[in-house]
Structure formats: structure tokens, C-alpha cells
Amino acid sequence: MKKRTPWQVTRAVWYAMFMREAVARTMADRMAWFWMLAEPILFVSIMIFVRTVILGRSRMLYNADFVPWLIVGLLGFFLFRENMMRSLGAVEANSGLFAYRQVKPVDSVLVRCFLEGVLKSFILVLFILGGYLLDLKLIPDLALEAMFAWVSLWLLGLGIGLVVSALAGLVAEVGIIVKLLSFPLMILSGVILPVTMLPHFLQPYVLMNPIAHGIEVLRLGFFEHYVTLPGINLLYLWYWIIGSIALGLLLHIRFEMRLKAQ
Amino acid sequence: MIKIHKMWKRYHHHIANDWILKDVNLIIPKKVSVGLIGHNGAGKSTLLRLIAGMDTPTRGNIWRKCSVSWPIGLSGGFKPSMTGRQNVKFVARVMGGGDDEIQRVIAFVQDFAEIGKSFDEPVQTYSSGMQARLRFGLSLAFDFDVYLSDEATAVGDKAFKEKATKAFKKRVGKSSLIIVSHSEGIIKDLCQAGVWVHEGKARWYEDVNDALSDYTDSLKNRTIKVPTAS
């Protein structure tokens, strides 16, 4: 048998896992494709209903329409959340494959996040096209900035996903806590209610949340003159991205055998 | 050649973490098939997993100077919700090679396993014998120097056992086997050398018959107690 370089082995593993995950994710049940699109649409509809019928039409946003603003925020948050949640289950779901020593737990997380990002980006494009047809002002004003913020949220999901997947493999309770946190995080990240609406003394705490930074920069990419908190800073988000990816990879290297054995 | 040097292994659990293997030193030469013998829980499967590289020793080292298969066992290695074909394709891709190679592996496994239409049904619908056929065929599709088997043929029917033995005998001279089995017949049939795993130690025997007789003797000296249900 020919000896392969480590990089060739890794590439072969990523390719094999990607094909398998892609089939499992999109073909697993006949409605998989439908729900991928229907879930954000339904969520947006419910939120618009809550906003307009229950809360009334008070003006909360400057230089951005509510519906496109909400869609951008939700899709950005879903991108982060799904990357984190899919990573959480990745190691366990692929535990049968660690019989092949070429496959490492970290590969399952990396491949899942890549696939998730591709799917979510595709859905974003569909939303932008649909929004264009419905005249929703969903075309980004600053396309490059929007794309960069999108990739940043994706990488943040990957970094946090790497960390929590390793920790949850060591301490099962971490998984439960992460699942519990996913909904409050949506509120705290200013997805549904704008961060500018929060009382002044709370704003420094909101600015500690890197997701809020990512989502607000994404919105600034879509709506150039949108007014947000002055402390929004992409660099802060990148500190988190680099820190969490480094920590996650370290944990996966250190505890590789423990994760395989679970 | 596989060299194991001063290797110790234990697992961490909440309750106990005793050493499973204590100071194992072995050199398994090229093209020599080895049977691992010992009573249940002696550490045979652990040793096999360590040789396969699925696990790392707590202390000491293992060198593998040849290509080693994954342990072909009773479970693991397949995703139950996917079909036999998809699982085979996955492994073929992990092992590298282009589309031709993948097609060759699929054709080989399909031919060897002889499970008919079930090849395109989810693995979770297979009987244990069918899974063993698929697993075995899959490992034989690649040219390893050493094949590791952990009771891989135990659940197969007679025809499959004969086929598997024949397939291995065909490879004598090209590659070798390291097997865990409680069937003396299979070990005598396929192996030249033996390793007796006992009380954390692994002892090497040039002749597998010596290993088997020592193992059997150790069983005779034990008084067999059968608890009575009351």
C-alpha cells in the first residue's frame, strides 16, 4: 500500500466525511430541504406578527426597515447557532468512524461547520433574491463588509463549536448548558429587539457578547446608514474568533483519545 | 514489523483504573501471523486496539513499520442509518484513491459479502452475520501488510467462515494476521506464532501450539466455581 503524506490523508478524510455529511443532511428525510428554507421564513413571519400586532408599530430603528433588519439578524444568528449546535453533536454522531485511525474527532467538527456554512450561505442568497423580488431592500449596501461579517460569524460558530464539542465530550453537562443558553443568546445578541433600545447601563454588558458585534456589523453591511451602538467593533469579534479556534484546537489535540473513547 | 516497547495501558473511570496491560514488550516480525490468546477481559482486544492505533498507550511506545488495518470486529465502523454501499464508499474515500479505486472497492466488497440487494439497504437492517460479511469484505479490499481481526468470523455461517479462511490463506506470504479468537481451530489454522495475554503480561511463543497448551493448562489449575442461583 502506498504511503500517503499526512496532508493527503487529511484531505481524503475531509472529502469522505463531507460527502457523507452532505448526503445525511440534505437527503436524510424527504422534508430536509423544505425545512431548511421554511424554518427561517416561519420564524420571521412569527416575529413580524409579534412586532406589528402585539407590540404595535412604534419606531425603534433608524435608517433600516424592520423586516429586512430582522431577516439579516436572524440569518446571521442562525449561522452562528447552527454551527455551534451541530458541532456539539458531531463527535458523538461519528463515534463509529473512529475505528478508522485516519478519522479524528476534530475532522467531524470541521467538516460539519464547513457544510453548515455553505448551506446557510446558500439560504442567505435565496433570501436576498426573494427579498429583491418582493421589494424588501435586502440587497447589501456594502457587499464586501456584509460578506466579511458573515464569514466572521461563521468562524465564531466554528471556534465556539470546537470548544464546546471538546468540553461536552469530557463533561456531558456542558452540552445541556449550551442548549439552554441558545435561546437567551438570541435575545442578548439584539436579534429581535435592537440593542439601541436597551437601557444605557446595560449596554456595556451587551457589548461583551461577540455575537452582537457580528450581527450589528452584518447589518451595517446591509444598511449603510443604520444607527447602532457606538461600541460595535469587528476587531473585538476577531479576538474571540482567534481565541476560541485556538482553544478549541488545543482541546481537541490534548483530549483526542478521550473524545474517541467516549 | 511491529515493535511494542515497555507499554503500559489503563483506562480512567470513576470507580477503578487498574492497569490492564503492564510492561508489554513484543516484536512481531514481518509475515508472521499471530493469535492472541487469553481469558475474557485479559486485555486481548485492548492490545489489538493499541496495535491498530485506535488508542494510545499510557506509557511506552508502539512502532508500526508496515500498513495495519483497522480491527475487524463485531461492531463499529459503520453508520447504521446509511446503506452498505454508502458505508463502503466512505471507507474507500478515506483510504484515498480516485473514482476508479472507489468503484473497484465497491465491486470487490459487493462480490465478497454476497448479501444481494441488502447492499443498498441501511446497515441497521442487517443481521450480525451480514454485517460481519460486509466488514470482512471491506478490509480485504485493501492490501494491508497486517490484518487485525477481533472475533470477526465468529458470527458468520459455515460458508462464510470457509470463504474468509480461504481468502486469508491466499494472502499468506504477502501479508499477515493478528487475531483474537476463542476458537482454537481458527487460530491453529491461520497462525504460526501466539501471544498469551495473562494478568497484564503478554508472552510471546514462536509456536502457537505452545501458547495454546500453556493457556489450557492455566485453565486446568483453576477451580471452576459455578454460582448457584438461589
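Residue numbers start from 1 in every chain, and the chains themselves are labelled A, B, ... in the order their sequence lines are given, proteins ahead of strands.
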Visitor: Nearest 0.5 Å, please: how far is CZ in B:F78 from CG in A:L97?
Guide: 10.5 Å
Visitor: Flag the one option from B:N87, B:V94, B:V91, B:T56 with the top tally of heavy-atom pairs under 4.5 Å to chain A.
Guide: B:V94
Visitor: Spell out the residues in residues 101-129 of chain A that have some non-hydrogen atom less than 4.5 Å away from a non-hydrogen atom of chain B, in order of number; otherwise answer 'none'.
Guide: A:R101, A:Q102, A:V103
Visitor: What are the residues of residues 46-53 of chain B, in order of number, with any heavy atom under 4.5 angstrom from a heavy atom of chain A?
Guide: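 Answer by number: B:A52, B:G53.
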Visitor: I'd like to check B:Q86 versus A:R20 (side-chain heavy atoms, cut-off strictly below 4.5 Å). Are they in contact?
Guide: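 Sidechains of A:R20 and B:Q86: no contact.
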Visitor: For atom NZ of B:K89, is the number of surrounding heavy atoms from other residues, nucleotides or ligands below 6.0 Å larger than 12?
Guide: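 Incorrect, the count does not exceed 12.
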Visitor: Is B:D55 close to A:K260 at the side-chain level, that is, under 4.5 Å between some pair of heavy atoms?
Guide: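 Not in contact.
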Visitor: Is it the case that more than 12 heavy atoms not belonging to A:R11 sit under 6.0 Å from its CZ atom?
Guide: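 Not more than 12 within 6.0 Å, no.
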Visitor: Restricting to non-hydrogen atoms, name the atom on B:P71 and the atom on A:A99 that form the minimum distance, rounded to 0.1 Å.
Guide: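 Nearest heavy atoms, B:P71 then A:A99: CD-O, 4.2 Å.
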Visitor: In Å and rounded to the nearest 0.5 Å, what is the CE to CZ distance from A:M17 to B:R93?
Guide: 12.5 Å
Visitor: Does A:L180 have more than 12 heavy atoms from other residues, nucleotides or ligands lying within 6.0 Å of its CG?
Guide: yes
Visitor: Counting only heavy atoms not in A:W240, do more than 12 fall under 6.0 Å of its CH2?
Guide: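 No, the 6.0 Å shell around CH2 holds no more than 12 heavy atoms from other groups.
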Visitor: Do other residues, nucleotides or ligands put more than 12 heavy atoms under 6.0 Å from B:M1 CE?
Guide: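 It does: B:M1 CE has more than 12 such atoms within range.
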Visitor: Taking only heavy atoms into account, what residues of residues 105-125 of chain B are found under 4.5 Å from chain A?
Guide: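 None at all.
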Visitor: Atom NZ of residue position B:K79 - does it have more than 12 heavy atoms of other residues, nucleotides or ligands inside 6.0 Å?
Guide: yes
Visitor: Counting N and O atoms only, with roles assigned by atom type, does the side chain of A:Y100 sit under 3.5 Å from a partner on the main chain of B:G77, one being a donor and the other an acceptor?
Guide: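 A pair under 3.5 Å: yes.
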Visitor: Listed by residue number, which members of residues 244-255 of chain A have a heavy atom under 4.5 Å from any heavy atom of chain B?
Guide: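 Interface residues of residues 244-255 of chain A: none, nothing closer than 4.5 Å to chain B.
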Visitor: Where does B:S81 contact chain A at under 4.5 Å (heavy atoms): side chain, backbone, both or neither?
Guide: neither
Visitor: Might you confirm whether atom NZ of B:K161 has over 12 heavy atoms from other residues, nucleotides or ligands at distances under 6.0 Å?
Guide: yes
